[in-house]
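A, B, ... follow the sequence lines: proteins, then strands. Residue 1 opens every chain.
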Protein chains: 2
Amino acid sequence: MPESTIDYGYLENDLGYVLRRAQLWVFQDLIRTMSPVDLRPAQYSVLVIIHHNPGLSQISLASALGIERARLVRLLDQLEDRKLVERRPAASDRRSHAMHLTLEGERTLASARELATAHRQACLEEFGGQNNYTTLVRLLAKFGAPQ
Amino acid sequence: MPESTIDYGYLENDLGYVLRRAQLWVFQDLIRTMSPVDLRPAQYSVLVIIHHNPGLSQISLASALGIERARLVRLLDQLEDRKLVERRPAASDRRSHAMHLTLEGERTLASARELATAHRQACLEEFGGQNNYTTLVRLLAKFGAPQ
DNA sequence: TATTGTTATACTCTATAACTATA
DNA sequence: TATAGTTATAGAGTATAACAATA
């Protein structure tokens, strides 16, 4: 039975359903385009946030990414094993770590950024142009955004 | 260090990042509002598709949902254990199953539908109105949609 | 040979609770 | 007491490969 005969009911007007389909597509394309630097979406976003906020704590980082601090620990373990990030002792609070990118981390992020350009272009084309893309990002940014 | 000092860099203009944040919010709200009928988003969408396409095969169902057929097996096992769906032998192809909702499955879906109304209302309010919601769904439906 | 459903495996991600060392 | 980081566990979801029954 071909897919074209499927009736999606009200699911095709369900925000959760279309969000999931879209995110699946975008993440798969991101994973594919990032494969030369071997970064998954979560790892990439960790590097971006640390780059723009050197010295921030793990709890701030987890909050910015919208993930649990327990999940962040293993993410950072992997990136630290690959010598891309560093946990340094925080000056003011000895419980806390100050997160920094290593030189290689900065280099990897720079490469990732170039690859991200190709990914963004793929999204633009898949989606139907700059205007729709911009509108979409603007509308989505209102949801669950860290204030 | 308060979150308000975080610099998200270009991440806040990254489609994958905002998609993930939005989906997280919507799914969490959906899980919360569906808790009286104990259905997760994937389970709910299974019931919806079967209801609108009684007798369809597992492979068609998996394709409609954008999940692997191996993943669907366990989803259906759970729902069948709860007597919400039935795998019946397909008339034309003895390899295949014809999926149906039980009477209790139809009742549960009807309850879920009513709860979904509250969820939709929560999304509308979180997001900022019917117009934005409709625009968003329309733009997202172009991504990775089954043709 | 190819397809449908199944089983198995490995990995990612989410959600929680509890522990330690500091505050 | 509360907080930052960690460890452990359970479940959900994703991605593959292989298998039996059937086409």
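- A close approach under 4.0 Å does not occur between any side-chain nitrogen or oxygen of A:S96 and OP1 or OP2 of D:dT3.
- No side-chain donor-acceptor contact under 3.5 Å links A:S63 and A:S60.
- Atoms SG and CG, from A:C123 and B:D14 in turn, are 8.0 Å apart once rounded to the nearest 0.5 Å.
- Comparing A:I31 and A:A98 along DNA chain D, the residue whose closest nucleotide (by nearest heavy atom) sits nearer the 5' end is A:A98.
- Protein atom CD1 of B:I67 is 15 Å distant from nucleotide atom P of D:dT16, rounded to whole Å.
- At a threshold of 4.0 angstrom between heavy atoms, the contacts of A:A90 with the nucleic acid are absent.
- Among the heavy atoms of the strands, none lies under 4.0 Å from B:L72.
- If you measure from atom CD of B:Q28 to atom C1' of C:dT14, you get 9 Å, rounded to the nearest angstrom.
- Across all strands, A:Q58 comes closer than 4.0 Å only to sugar-phosphate atoms, never to a base (heavy-atom distances).
- Looking at A:I49, A:V48, A:I50 one by one, the single match for side-chain contact (heavy atoms from CB on, under 4.5 Å) with A:V46 turns out to be A:I50.
- Distance from the side chain of B:I59 is smallest for C:dG5 among the nucleotides C:dG5, D:dA21, D:dT14.
- Ranked by how close their nearest DNA chain C nucleotide is to the 5' end, A:Q78 and B:L76 are led by B:L76.
- A:D77 places its CG atom 13 Å from the P atom of D:dG5, with the value rounded to the nearest Å.
- The interatomic distance linking A:L75 (CG) with D:dT6 (P) rounds to 12 Å, in whole Å.
- The nearest whole Å value for the distance from the CD atom in A:Q23 to the P atom in C:dC13 is 11 Å.
- The base of C:dG5 is paired with the side chain of B:R69 by a donor and an acceptor separated by under 3.5 Å.
- Comparing A:A70 and A:L24 by the nucleotide of DNA chain D whose heavy atom lies nearest to each, the residue mapping closer to the 5' end is A:A70.
- The CZ atom of B:R74 sits 9 Å away from the C1' atom of D:dG11 (whole-angstrom rounding).
- We find that CD of A:E68 is positioned 15 Å from C1' of C:dA18, with the value rounded to whole Å.
- With a 6.0 Å radius and a threshold of 12 heavy atoms from other residues, nucleotides or ligands, B:Q130 has its CD atom above the threshold.
- Remark: the B:R94 side chain and the D:dT22 base include no donor-acceptor N/O pair separated by less than 3.5 Å.
- If you check the side chains of A:Q58 and A:H97, you find a donor sitting under 3.5 Å from an acceptor.
- Rounded to an integer number of Å, the gap from NE2 of B:H97 to P of D:dA21 is 13 Å.
- Nearer to the 5' terminus of DNA chain C, by closest-nucleotide assignment, is the contact made by B:R87 (compared with the other of A:P41 and B:R87).
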